[in-house]
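As the structure is a computational prediction, the values presented were derived from the model and not from experiment.
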Amino acid sequence: MNSKALCLAATLLLSASAHADSHMLRLTLDDCIAMARRQSVDAAVALGELKSAYWEWRSYKANLLPEVSLSANVPTYNKRYSTYQREDGTHSYVRNDYMELDGSLFVSQKIWPTGGTLSVESSLNWLRQMSGTTNGNRNQFMSMPIALTLSQPLFGVNTVKWDRRIEPVRYREAKASFLTATEQVAMRAISLYFNLLLANENVNIAQQNLHNAEKLYEVAQAKRKMGAISQNDVLQMRLGWLKAQSALTSTRSSQKARMFELKAFLDVEHDIEPVVPEDIPDVTLVYDDVLSHALENNAFASTMRRRQLQADYSVAYAKGNLRNVTLYAQVGYTSTASALDAAYRNLLDKEVVQVGISLPLLDWGKRRGQVKVAENNREIVQNQLRQQAQEFRQNLFILTEQFNSQRQQLHIAEEADTIARRRYHTNVETFKIGSISTLELSDAQTAKDEARQNRITQLYNYWYYYYQLRSITLWDFEKGQNIDADFEKIVKE
């Protein structure tokens, strides 16, 4: 565990102990994001996908290395009749009664430039005749100390070459997708955090409004007795009091729902008390810089490259399928003897050369049609990629502009909140002395509530835009560096 994680754990422990009596866990936005990245289900899903991609990458790398394998048959006992053809062409049955054991050791290596396979083999076969005429020697050995085998497709697609082009891009895409997913976990945490923050604020507003409505109703009753206001105004005040009670009940129900969502997401038992984040990152973004980071780091660029390569591979595969010619060649040494040591003496050479050909003479244009389909699909993919690239740039531009303007929107919302609260308090005092109507007071209250809610909403928008840009660019705008991770360590933990 690093120092940052230790500090976070200590902070959470102190917060939990400080609120043990009320079962409340006080969390800042940074604490909430850190917890979400560490223990949320969304984070676990992202980690699982990264691990799958990592082991696929390891399997691909291993496929390029020499492979050593052992093949053997345990002793086989055979006692039965088999057909036998005489010299004159007639058949009869002959009784077989023998035991056999064989084994082979292979070392094979794929040839990257050509797509063929080169292997070295060593094998030994033992046969013991259990009955019949054997001239006193029942054992027979056949050895092949070494044989070199080449299997080479001559015109087919070189899958090894294409894998070496596609798989590294696929793994870069998976790593970028994981980093983006961790930032999206933060975005999800921000949404739930501010949902609870807004729900808490709504409860506070409803409580204050209920308190004010109760006091104003009492004032209205007193003024009615003095004949200063009409009965209609008194009823209006009572109606406002009843609405305030209903609003408090509703907001508390919503608060419990938002609390449950955040607790479930963070996988914690204690109730959570979110803290309004006062400080925000002091950054102004330039679209060209944002686009440059996005094209360099985002999985979208790797996805486009991979899809293009896969479309090219489909065309190459369809063309290679027009004809199938495979060269098989084997050279080595072999010998047979009745003793094991003798089977490795007086070796004889062994050569096998075979060319297999499969050429369609009449397929009614099926294979040519498959090539055309692959080429048309590649063209479709290219057009889709151009369209998606244009949309990617357009959406990124809009998001950058929204973020840059959001700071000003936040300042406006903060000032409007301050003004609306002052106006409402002034109107409350003015109403008590009978200078304004109930409608004007109600309007001031509505403006106060909406201004407070809008301030929380604008603060949420700022943080959400900020982490959305981080998820797209994989760039830390405060530190001025790429968002990266030790993938080997993460996967093996």
Shortest non-hydrogen pair, Gln458 vs Ala413, comes out as CG-CB, 3.8 Å

Taking atom OG1 of Thr182 and atom OH of Tyr467, what is their separation to the nearest 0.5 Å?
10.5 Å

Run the numbers on Leu105 and Val68 for side-chain contact (heavy atoms from CB on, under 4.5 Å), then give the verdict.
CA-CA 7 Å; Leu105 182 66; Val68 181; 4.1 Å; yes

Taking side chain as C-beta onward, heavy atoms only, is Glu379 less than 4.5 Å from Asn383?
yes

For Asn321, does its backbone N or O pair with a side-chain atom of Arg367 as donor and acceptor, under 3.5 Å?
yes

Ion pair present between Arg258 and Glu261, side-chain N to carboxylate O less than 4.0 angstrom?
yes

For Tyr317 and Ala374, indicate whether the former's side chain and the latter's backbone hold a donor-acceptor pair under 3.5 Å.
no

Taking all non-hydrogen atoms of both residues into account, name the closest pair between Tyr287 and Leu396 and its distance.
CE1-C, 4.1 Å

side-chain contact (heavy atoms from CB on, under 4.5 Å) evaluation trace for Leu459 with Leu410
CA-CA 6 Å; Leu459 187 59; Leu410 182 56; 3.8 Å; yes

Does a side chain donor of either Ser191 or Tyr460 reach within less than 3.5 Å of an acceptor in the other side chain?
yes

Spacing of Cys32 atom SG and Arg188 atom CZ [to the nearest 0.5 Å]
11.0 Å

Distance only, no hydrogens: is a donor on one side chain within 3.5 Å (strictly under) of an acceptor on the other, for Gln308 and Asp312?
yes

What one should report as the nearest heavy-atom pair of Val275 and Leu197 is C-CD1, 4.3 Å

Side-chain touch Arg393/Leu295, heavy atoms, less than 4.5 angstrom:
yes

Pick out which of Ile472, Leu469, Ile483 makes a side chain to side chain contact (heavy atoms under 4.5 Å, CB included) with Glu183.
Ile483

Geometric cation-pi criterion Arg165 and Trp162, 6.0 Å radius, 45° cone
yes

Answer with yes or no whether the side chains of Ser108 and Glu67 bring together a donor and an acceptor at under 3.5 Å.
no

Does Arg386 reach the side chain of Gln390, with side-chain heavy atoms less than 4.5 Å apart?
no

Does Ser177 reach the main-chain N or O of Glu173 with its side chain, forming a donor-acceptor pair under 3.5 Å?
yes

Might you point out which heavy atoms bring Lys448 and Ala420 nearest each other, and give the distance in Å?
CA-CB, 3.7 Å

Counting distance only, does the side-chain N/O of Ser253 pair as donor-acceptor with the main-chain N or O of Thr249 below 3.5 Å?
no

Can you classify the ring geometry of Trp57 versus Tyr171 as parallel (below 30°), tilted (30 to 60°) or perpendicular (above 60°)?
parallel

To the closest 0.5 Å, what do you measure between CZ (Phe403) and CH2 (Trp463)?
9.0 Å

Ser471 backbone acceptor or donor facing Thr180 side chain under 3.5 Å
yes

Pair Asp282-Arg407, salt bridge (charged side-chain N to carboxylate O under 4.0 Å, His left out): steps then yes or no
CA-CA 9 Å; Asp282 185 15; Arg407 177 182 288 275; 3.6 Å; yes

Donor-acceptor under 3.5 Å (Asn158 side chain, Pro113 main chain):
yes

Report the relative orientation of the aromatic rings in Tyr466 and Tyr462; use parallel for angles under 30°, tilted for 30 to 60°, perpendicular for over 60°.
parallel

Donor-acceptor pair, distance only, cut-off 3.5 Å: does the side chain of Gln152 make one with the backbone of Thr114?
yes

Starting at OG1 of Thr28, measure out to CD1 of Ile33 and round the result to the nearest 0.5 Å.
8.5 Å

Arg170 versus Gln310: any side-chain heavy-atom pair under 4.5 Å?
yes

Trp475 and His293 aromatic ring geometry - parallel, tilted or perpendicular at 30°/60° bounds:
parallel

Would you please test Gln184 and Gln468 for side-chain contact (heavy atoms from CB on, under 4.5 Å) and show each step?
CA-CA 7 Å; Gln184 290 173 343; Gln468 189 175 7; over 6 Å; no

Would you mind reporting whether Leu27 and Leu266 have side-chain heavy atoms less than 4.5 Å apart?
yes

Does the pair Lys110 and Leu64 meet the rule for a side-chain contact (heavy atoms from CB on, under 4.5 Å), with working shown?
CA-CA 6 Å; Lys110 293 185 180 296; Leu64 300 178; 5.6 Å; no

Side chain to side chain, Phe194 and Leu29, heavy atoms closer than 4.5 Å:
yes

What's the shortest heavy-atom distance between Ala46 and Ala181, and which atoms?
CB-CB, 3.6 Å

Would you say Glu415 has more than 12 foreign heavy atoms packed within less than 6.0 Å of its CD?
no

Heavy-atom side-chain contact between Asn297 and Leu179 under 4.5 Å
no

Sidechain-backbone polar pair: Ser250 side chain, Ser246 backbone, donor-acceptor under 3.5 Å
no

Applying side-chain hydrogen bond (donor to acceptor under 3.5 Å, both in side chains) between Asn202 and each of Gln255, Gln453, Arg252, report the one that passes.
Gln453

Are side-chain heavy atoms of Asn200 and Pro274 found at a separation under 4.5 Å?
yes

More than 12 heavy atoms of other residues, nucleotides or ligands under 6.0 Å from CD of Gln481: yes or no?
yes

Of all pairs that satisfy side chain to side chain donor-acceptor pair (under 3.5 Å), the ones with a partner from residues 46-55, not counting sequence neighbours:
Tyr54-Arg58, Tyr54-Glu488

Side-chain donor or acceptor of Asn404 paired with backbone N/O of Leu285 under 3.5 Å
yes

Heavy-atom closest contact (Ala43 atom, Val185 atom, distance):
N-CG2, 3.8 Å

Treating Lys263 as the side-chain partner and Glu269 as the backbone partner, does any N or O pair qualify as donor plus acceptor under 3.5 Å?
yes

Could you measure the distance from the OG1 atom of Thr303 to the CZ atom of Arg172? Nearest 0.5 Å is fine.
11.0 Å

Mind checking the CZ-OG1 spacing from Arg452 to Thr418? Nearest 0.5 Å is all I need.
8.5 Å

Do the side-chain N and O atoms of Gln388 and Arg307 include a donor-acceptor pair separated by under 3.5 angstrom?
yes

